[in-house]
A.B. asks: 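Here it is, the structure, as C-alpha coordinates.
Index from 1, following the sequence.
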Amino acid sequence: MALLSPPRAREERGGPATLELEAPRYRAGRARPAWVSIPLRFLVPALIVAAWWIGSATGAIPEEILAGPPAVWRAFAELYQTGQLVDFSIASFKRAAVGVFFGVLIGLALGVLSGLSSLGEELIDSTMQINRAIPFLALVPLFIAWFGIDETFKVLLIAVATVGPMYAYTYLGVRNVDRKMVEAAQSFGLRGWRLVFGAILPAALPGVLMALRICLSISITGLIAAEQVGTREGIGYLVTLAQEYNRTDYMVLCVVLYAVLGLIFDGIVRVIEKFAMPWRGQVAVR
(Lines give C-alpha, C1' and ligand atoms only; values in the text may rest on other atoms or scores of the structure.)
Protein backbone atom coordinates (compact mmCIF):
# COMPACT_ATOMS: atom_id res chain seq x y z
CA MET A 1 0.00 0.00 0.00
CA ALA A 2 1.52 3.30 -1.05
CA LEU A 3 1.93 6.02 1.51
CA LEU A 4 1.31 8.74 -1.07
CA SER A 5 -1.94 9.20 -2.94
CA PRO A 6 -1.75 9.58 -6.74
CA PRO A 7 -0.80 13.11 -7.75
CA ARG A 8 -3.57 15.34 -8.99
CA ALA A 9 -3.16 17.59 -12.00
CA ARG A 10 -3.80 21.31 -11.43
CA GLU A 11 -3.95 23.86 -14.21
CA GLU A 12 -2.65 27.32 -13.54
CA ARG A 13 -3.86 30.32 -15.48
CA GLY A 14 -1.54 31.03 -18.35
CA GLY A 15 0.71 28.04 -17.75
CA PRO A 16 0.94 24.28 -18.13
CA ALA A 17 -0.71 21.84 -15.75
CA THR A 18 1.30 21.09 -12.60
CA LEU A 19 1.21 18.16 -10.19
CA GLU A 20 -0.02 18.60 -6.63
CA LEU A 21 1.05 15.97 -4.08
CA GLU A 22 -1.06 15.15 -1.10
CA ALA A 23 0.49 14.98 2.34
CA PRO A 24 1.43 11.42 3.32
CA ARG A 25 -0.72 9.64 5.85
CA TYR A 26 1.08 8.45 8.97
CA ARG A 27 0.54 4.70 9.11
CA ALA A 28 0.89 4.42 12.90
CA GLY A 29 -2.09 6.72 13.35
CA ARG A 30 -4.40 4.03 12.00
CA ALA A 31 -3.77 1.65 14.90
CA ARG A 32 -6.80 -0.33 16.06
CA PRO A 33 -8.20 0.88 19.41
CA ALA A 34 -7.18 -1.14 22.47
CA TRP A 35 -10.80 -1.96 23.35
CA VAL A 36 -11.03 -3.75 19.99
CA SER A 37 -7.52 -5.21 19.78
CA ILE A 38 -7.45 -6.87 23.22
CA PRO A 39 -10.73 -8.81 22.82
CA LEU A 40 -9.58 -9.99 19.38
CA ARG A 41 -6.49 -11.55 20.96
CA PHE A 42 -8.68 -13.63 23.27
CA LEU A 43 -11.34 -14.48 20.69
CA VAL A 44 -9.95 -17.79 19.40
CA PRO A 45 -8.92 -19.13 22.87
CA ALA A 46 -12.39 -18.22 24.15
CA LEU A 47 -14.02 -20.14 21.29
CA ILE A 48 -11.85 -23.19 22.05
CA VAL A 49 -12.79 -23.09 25.74
CA ALA A 50 -16.47 -22.69 24.81
CA ALA A 51 -16.34 -25.74 22.51
CA TRP A 52 -14.56 -27.72 25.25
CA TRP A 53 -17.16 -26.67 27.82
CA ILE A 54 -20.09 -27.57 25.56
CA GLY A 55 -18.52 -30.93 24.68
CA SER A 56 -18.04 -31.81 28.35
CA ALA A 57 -21.51 -30.65 29.37
CA THR A 58 -23.24 -32.62 26.62
CA GLY A 59 -21.22 -35.79 27.22
CA ALA A 60 -19.55 -35.68 23.81
CA ILE A 61 -16.21 -35.55 25.65
CA PRO A 62 -16.11 -38.20 28.42
CA GLU A 63 -14.93 -36.97 31.83
CA GLU A 64 -12.38 -39.79 32.18
CA ILE A 65 -10.73 -38.74 28.91
CA LEU A 66 -10.77 -34.98 29.33
CA ALA A 67 -12.05 -33.23 32.43
CA GLY A 68 -14.40 -30.34 31.80
CA PRO A 69 -13.80 -26.72 32.82
CA PRO A 70 -15.85 -27.01 36.06
CA ALA A 71 -13.73 -29.96 37.24
CA VAL A 72 -10.53 -28.14 36.33
CA TRP A 73 -11.72 -25.08 38.22
CA ARG A 74 -12.45 -27.20 41.32
CA ALA A 75 -8.94 -28.67 41.11
CA PHE A 76 -7.53 -25.14 40.82
CA ALA A 77 -9.49 -24.00 43.90
CA GLU A 78 -8.40 -27.08 45.85
CA LEU A 79 -4.69 -26.56 45.15
CA TYR A 80 -4.94 -22.82 45.70
CA GLN A 81 -6.51 -23.24 49.12
CA THR A 82 -3.74 -25.62 50.21
CA GLY A 83 -1.08 -23.20 48.97
CA GLN A 84 0.51 -25.79 46.69
CA LEU A 85 -0.54 -24.06 43.48
CA VAL A 86 1.34 -20.85 44.24
CA ASP A 87 4.41 -22.67 45.57
CA PHE A 88 4.61 -25.05 42.60
CA SER A 89 4.11 -22.25 40.06
CA ILE A 90 6.81 -20.06 41.64
CA ALA A 91 9.24 -22.99 41.76
CA SER A 92 8.72 -23.77 38.08
CA PHE A 93 9.00 -20.10 37.08
CA LYS A 94 12.30 -19.74 38.94
CA ARG A 95 13.80 -22.83 37.30
CA ALA A 96 12.76 -21.70 33.85
CA ALA A 97 13.94 -18.12 34.39
CA VAL A 98 17.39 -19.09 35.70
CA GLY A 99 17.93 -21.69 32.96
CA VAL A 100 16.84 -19.29 30.22
CA PHE A 101 19.05 -16.54 31.63
CA PHE A 102 22.22 -18.64 31.39
CA GLY A 103 21.27 -20.20 28.05
CA VAL A 104 20.44 -16.85 26.45
CA LEU A 105 23.56 -15.19 27.86
CA ILE A 106 25.89 -17.92 26.58
CA GLY A 107 24.14 -18.22 23.21
CA LEU A 108 24.19 -14.45 22.71
CA ALA A 109 27.90 -14.18 23.49
CA LEU A 110 28.83 -17.10 21.24
CA GLY A 111 26.61 -15.81 18.42
CA VAL A 112 28.23 -12.38 18.52
CA LEU A 113 31.74 -13.83 18.57
CA SER A 114 30.99 -16.23 15.72
CA GLY A 115 29.19 -13.59 13.67
CA LEU A 116 31.86 -10.92 14.00
CA SER A 117 34.99 -13.00 13.54
CA SER A 118 35.95 -15.65 11.01
CA LEU A 119 38.19 -17.21 13.65
CA GLY A 120 35.29 -17.25 16.08
CA GLU A 121 33.09 -18.95 13.51
CA GLU A 122 35.74 -21.59 12.83
CA LEU A 123 36.16 -22.32 16.54
CA ILE A 124 32.52 -22.11 17.67
CA ASP A 125 30.10 -22.82 14.84
CA SER A 126 30.78 -26.53 14.33
CA THR A 127 30.38 -27.23 18.05
CA MET A 128 27.13 -25.27 18.22
CA GLN A 129 25.74 -27.08 15.18
CA ILE A 130 26.46 -30.38 16.94
CA ASN A 131 24.68 -29.05 20.03
CA ARG A 132 21.65 -28.05 17.96
CA ALA A 133 21.51 -31.47 16.27
CA ILE A 134 21.43 -33.39 19.57
CA PRO A 135 17.93 -33.48 21.15
CA PHE A 136 18.35 -32.06 24.64
CA LEU A 137 15.96 -34.70 26.02
CA ALA A 138 18.58 -37.32 25.10
CA LEU A 139 20.93 -35.64 27.58
CA VAL A 140 18.67 -36.21 30.58
CA PRO A 141 20.26 -39.56 31.65
CA LEU A 142 23.78 -38.15 31.27
CA PHE A 143 22.97 -35.00 33.18
CA ILE A 144 21.45 -37.06 36.00
CA ALA A 145 24.65 -39.12 36.17
CA TRP A 146 26.87 -36.02 36.11
CA PHE A 147 24.94 -33.52 38.24
CA GLY A 148 22.47 -35.62 40.22
CA ILE A 149 18.78 -34.81 40.44
CA ASP A 150 18.99 -31.51 42.30
CA GLU A 151 18.37 -28.01 40.98
CA THR A 152 21.68 -27.92 39.08
CA PHE A 153 20.49 -30.64 36.72
CA LYS A 154 17.21 -28.88 36.02
CA VAL A 155 18.73 -25.45 35.38
CA LEU A 156 21.49 -26.84 33.14
CA LEU A 157 19.03 -28.87 31.08
CA ILE A 158 16.94 -25.76 30.38
CA ALA A 159 20.10 -23.75 29.62
CA VAL A 160 21.35 -26.33 27.11
CA ALA A 161 17.91 -26.42 25.48
CA THR A 162 17.89 -22.65 24.94
CA VAL A 163 21.50 -21.93 24.01
CA GLY A 164 21.18 -23.34 20.47
CA PRO A 165 18.32 -21.15 19.17
CA MET A 166 19.82 -18.02 20.72
CA TYR A 167 23.18 -18.73 19.10
CA ALA A 168 21.70 -19.42 15.65
CA TYR A 169 19.48 -16.32 15.49
CA THR A 170 22.16 -14.04 16.96
CA TYR A 171 24.72 -15.33 14.47
CA LEU A 172 22.36 -14.72 11.54
CA GLY A 173 21.37 -11.31 12.88
CA VAL A 174 24.98 -10.17 13.22
CA ARG A 175 25.93 -11.49 9.79
CA ASN A 176 22.97 -9.67 8.19
CA VAL A 177 23.96 -6.26 9.58
CA ASP A 178 24.64 -3.84 6.75
CA ARG A 179 28.37 -3.34 6.28
CA LYS A 180 27.88 0.32 5.38
CA MET A 181 26.15 0.93 8.69
CA VAL A 182 29.10 -0.60 10.55
CA GLU A 183 31.56 1.55 8.59
CA ALA A 184 29.49 4.65 9.34
CA ALA A 185 29.54 3.80 13.07
CA GLN A 186 33.30 3.31 12.91
CA SER A 187 33.70 6.70 11.26
CA PHE A 188 32.03 8.20 14.36
CA GLY A 189 34.65 6.61 16.56
CA LEU A 190 32.90 3.43 17.69
CA ARG A 191 35.36 0.60 18.22
CA GLY A 192 35.42 -2.72 20.06
CA TRP A 193 32.58 -3.38 22.49
CA ARG A 194 31.19 0.14 21.92
CA LEU A 195 30.69 -0.81 18.28
CA VAL A 196 29.05 -4.12 19.24
CA PHE A 197 26.62 -2.67 21.78
CA GLY A 198 26.10 0.66 20.05
CA ALA A 199 25.57 -0.43 16.46
CA ILE A 200 25.75 -4.15 15.69
CA LEU A 201 23.48 -5.57 18.40
CA PRO A 202 20.77 -2.90 17.92
CA ALA A 203 20.74 -3.73 14.20
CA ALA A 204 20.52 -7.46 14.98
CA LEU A 205 17.87 -6.91 17.68
CA PRO A 206 14.88 -8.30 15.69
CA GLY A 207 16.64 -11.66 15.31
CA VAL A 208 17.78 -11.65 18.94
CA LEU A 209 14.27 -11.02 20.24
CA MET A 210 12.84 -13.70 17.98
CA ALA A 211 15.45 -16.08 19.43
CA LEU A 212 14.40 -15.04 22.93
CA ARG A 213 10.78 -15.84 22.13
CA ILE A 214 11.75 -19.30 20.83
CA CYS A 215 14.04 -19.93 23.81
CA LEU A 216 11.25 -19.16 26.26
CA SER A 217 8.95 -21.59 24.47
CA ILE A 218 11.58 -24.33 24.44
CA SER A 219 12.33 -23.72 28.11
CA ILE A 220 8.84 -24.96 29.00
CA THR A 221 9.59 -28.29 27.29
CA GLY A 222 12.87 -28.52 29.17
CA LEU A 223 11.07 -27.63 32.38
CA ILE A 224 8.58 -30.47 31.91
CA ALA A 225 11.40 -32.97 31.36
CA ALA A 226 13.45 -31.66 34.29
CA GLU A 227 10.60 -31.69 36.79
CA GLN A 228 9.72 -35.29 36.07
CA VAL A 229 12.85 -36.39 37.95
CA GLY A 230 13.67 -36.00 41.63
CA THR A 231 11.51 -33.06 42.60
CA ARG A 232 8.91 -32.42 45.26
CA GLU A 233 7.62 -29.10 43.98
CA GLY A 234 6.82 -27.67 40.60
CA ILE A 235 4.20 -28.09 37.92
CA GLY A 236 6.00 -31.17 36.59
CA TYR A 237 5.71 -32.83 39.98
CA LEU A 238 1.99 -32.08 39.89
CA VAL A 239 1.81 -33.82 36.50
CA THR A 240 3.47 -36.89 38.01
CA LEU A 241 0.93 -36.99 40.83
CA ALA A 242 -1.93 -36.61 38.36
CA GLN A 243 -0.63 -39.57 36.34
CA GLU A 244 -0.26 -41.76 39.42
CA TYR A 245 -3.81 -41.09 40.64
CA ASN A 246 -5.35 -40.78 37.16
CA ARG A 247 -6.63 -37.27 37.85
CA THR A 248 -7.43 -35.83 34.45
CA ASP A 249 -8.57 -32.58 36.06
CA TYR A 250 -5.08 -32.09 37.51
CA MET A 251 -3.51 -32.99 34.16
CA VAL A 252 -5.55 -30.40 32.31
CA LEU A 253 -4.83 -27.86 35.03
CA CYS A 254 -1.10 -28.42 34.55
CA VAL A 255 -1.49 -27.84 30.80
CA VAL A 256 -3.31 -24.58 31.57
CA LEU A 257 -0.55 -23.53 33.97
CA TYR A 258 2.12 -24.18 31.35
CA ALA A 259 0.06 -22.15 28.86
CA VAL A 260 -0.17 -19.27 31.34
CA LEU A 261 3.58 -19.49 31.90
CA GLY A 262 4.08 -19.27 28.14
CA LEU A 263 1.81 -16.21 27.96
CA ILE A 264 3.83 -14.54 30.71
CA PHE A 265 7.06 -15.16 28.82
CA ASP A 266 5.53 -13.90 25.57
CA GLY A 267 4.28 -10.79 27.35
CA ILE A 268 7.79 -10.08 28.63
CA VAL A 269 9.19 -10.26 25.10
CA ARG A 270 6.40 -8.02 23.77
CA VAL A 271 7.19 -5.38 26.38
CA ILE A 272 10.88 -5.50 25.41
CA GLU A 273 9.96 -5.20 21.73
CA LYS A 274 7.68 -2.25 22.41
CA PHE A 275 10.43 -0.20 24.04
CA ALA A 276 13.42 -1.50 22.08
CA MET A 277 11.82 -1.42 18.61
CA PRO A 278 8.95 1.08 18.62
CA TRP A 279 8.89 1.23 14.82
CA ARG A 280 7.71 -2.37 14.33
CA GLY A 281 4.06 -1.54 14.97
CA GLN A 282 4.09 0.93 12.09
CA VAL A 283 4.67 -1.79 9.50
CA ALA A 284 1.65 -4.00 10.15
CA VAL A 285 -1.36 -3.57 7.90
CA ARG A 286 -4.39 -2.76 10.06
Side-chain angles (χ1 to χ4, degrees), residues 27-28 95-139 155-223 262-285:
R27 185 185 291 268
R95 291 184 184 117
V98 175
V100 169
F101 173 78
F102 285 109
V104 165
L105 191 64
I106 296 172
L108 182 64
L110 295 179
V112 170
L113 291 175
S114 183
L116 289 178
S117 169
S118 298
L119 177 61
E121 180 183 11
E122 293 167 355
L123 292 175
I124 297 172
D125 190 66
S126 58
T127 304
M128 292 307 301
Q129 297 306 324
I130 293 173
N131 175 74
R132 290 179 58 220
I134 299 175
F136 67 91
L137 294 178
L139 299 176
V155 171
L156 286 179
L157 183 65
I158 296 173
V160 169
T162 56
V163 70
M166 177 55 67
Y167 166 81
Y169 277 86
T170 303
Y171 170 80
L172 291 176
V174 171
R175 282 299 173 97
N176 288 331
V177 173
D178 191 352
R179 181 67 184 176
K180 295 181 180 178
M181 188 273 293
V182 177
E183 293 174 353
Q186 290 174 336
S187 67
F188 282 97
L190 293 181
R191 295 289 188 278
W193 291 110
R194 291 180 60 201
L195 177 65
V196 172
F197 288 101
I200 295 177
L201 276 182
L205 195 57
V208 173
L209 290 180
M210 176 56 70
L212 181 59
R213 191 185 298 271
I214 295 174
C215 289
L216 291 173
S217 300
I218 294 177
S219 69
I220 297 178
T221 305
L223 181 66
L263 288 176
I264 293 174
F265 287 154
D266 183 73
I268 293 173
V269 178
R270 286 182 179 274
V271 171
I272 296 174
E273 286 180 345
K274 181 178 180 180
F275 290 97
M277 297 184 298
W279 65 87
R280 286 178 67 101
Q282 303 173 12
V283 179
V285 177

A.B. asks: What are the two closest non-hydrogen atoms of Pro206 and Ala203, and how far apart are they?
C.D. replies: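 Smallest heavy-atom distance, with atoms named: CD-O, 3.6 Å.
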A.B. asks: Looking at Gly262, is its backbone amide N or carbonyl O close enough to the side chain of Asp266 to form a donor-acceptor pair, meaning the two atoms are under 3.5 Å apart?
C.D. replies: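 Not at all, since once roles are kept as given, no pair shorter than 3.5 Å links the two residues.
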A.B. asks: Report the C-alpha distance between Leu205 and Leu209 in whole Å, list the side-chain angles of each, state the deciding distance to 0.1 Å, and finish with yes or no for side chain to side chain contact (heavy atoms under 4.5 Å, CB included).
C.D. replies: CA-CA 6 Å; Leu205 195 57; Leu209 290 180; 4.0 Å; yes
A.B. asks: As a test of understanding, state which of Ile272, Val104, Thr170 forms a side chain to side chain contact (heavy atoms under 4.5 Å, CB included) with Val208.
C.D. replies: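 That would be Thr170; it is the only one of Ile272, Val104, Thr170 passing the side chain to side chain contact (heavy atoms under 4.5 Å, CB included) with Val208.
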A.B. asks: Calculate, to the nearest 0.5 Å, the distance between atoms CG and CE belonging to Leu105 and Met166 respectively.
C.D. replies: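 Answer rounded to 0.5 Å: 9.5 Å.
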A.B. asks: Does a side-chain heavy-atom distance below 4.5 Å link Ile218 with Ile214?
C.D. replies: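 Ile218 vs Ile214: side chains touch.
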A.B. asks: Tell me, do Val177 and Met181 make a side-chain contact under 4.5 Å, heavy atoms counted?
C.D. replies: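 Yes. Closest side-chain heavy atoms under 4.5 Å.
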A.B. asks: To the nearest 0.5 Å, tell me how far Ile106 CD1 sits from Met128 CE.
C.D. replies: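 Here the rounded value is 9.0 Å.
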A.B. asks: Would you indicate whether the side-chain heavy atoms of Met210 and Glu273 approach each other to under 4.5 Å?
C.D. replies: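 Answer no - side chains too far apart.
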A.B. asks: Can you tell me how far apart CG (Asp178) and CD1 (Ile200) are? Round to the nearest 0.5 Å.
C.D. replies: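 If I round to the nearest 0.5 Å, the distance is 11.5 Å.
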A.B. asks: By the side-chain hydrogen bond (donor to acceptor under 3.5 Å, both in side chains) test, which pairs, at least two apart or in different chains, include something from residues 97-111?
C.D. replies: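 Not a single pair qualifies under side-chain hydrogen bond (donor to acceptor under 3.5 Å, both in side chains).
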A.B. asks: CG/Leu201 to CG/Leu116 distance, rounded to the nearest 0.5 angstrom?
C.D. replies: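 So the gap between those two atoms works out to 8.0 Å.
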A.B. asks: Measure the CD1-CG distance between Ile134 and Leu139 for me, rounded to the nearest 0.5 Å.
C.D. replies: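 The CD1 atom of Ile134 sits 6.0 Å away from the CG atom of Leu139.
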A.B. asks: Testing the 3.5 Å rule here: is there a donor-acceptor pair between the side chains of Tyr167 and Asp125?
C.D. replies: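 A donor-acceptor contact under 3.5 Å links the two side chains.
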A.B. asks: Apply side chain to side chain contact (heavy atoms under 4.5 Å, CB included) to residues Thr221 and Phe136 and explain how you reach the verdict.
C.D. replies: CA-CA 10 Å; Thr221 305; Phe136 67 91; 3.8 Å; yes
A.B. asks: In a check of side chain to side chain contact (heavy atoms under 4.5 Å, CB included) between Leu212 and each of Leu108, Val269, Thr162, which one passes?
C.D. replies: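 That would be Val269.
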A.B. asks: Taking all non-hydrogen atoms of both residues, which atom of Val100 and which atom of Ser219 are closest, and how far apart?
C.D. replies: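 Minimum heavy-atom separation between Val100 and Ser219: CG2-CB, 3.3 Å.
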A.B. asks: Would you find more than 12 non-hydrogen atoms of other residues, nucleotides or ligands less than 6.0 Å from Tyr171 atom OH?
C.D. replies: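 Enclosed.
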A.B. asks: Roughly how far, to the nearest 0.5 Å, is the CG atom of Leu110 from the OG1 atom of Thr127?
C.D. replies: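 The distance works out to 9.5 Å.
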A.B. asks: Between Pro165 and Ala161, what is the shortest heavy-atom contact and its length?
C.D. replies: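 The pair with the smallest heavy-atom distance is CD-O, 3.6 Å.
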A.B. asks: Could you tell me whether the side chain of Val163 reaches within less than 4.5 Å of the side chain of Phe102, counting heavy atoms only?
C.D. replies: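 Side chain of Phe102 against side chain of Val163, heavy atoms only: no contact under 4.5 Å found.
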A.B. asks: Examine distances only and state if a side-chain atom of Arg175 and a backbone atom of Gly115 form a donor-acceptor pair shorter than 3.5 Å.
C.D. replies: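 Answer holds: yes.
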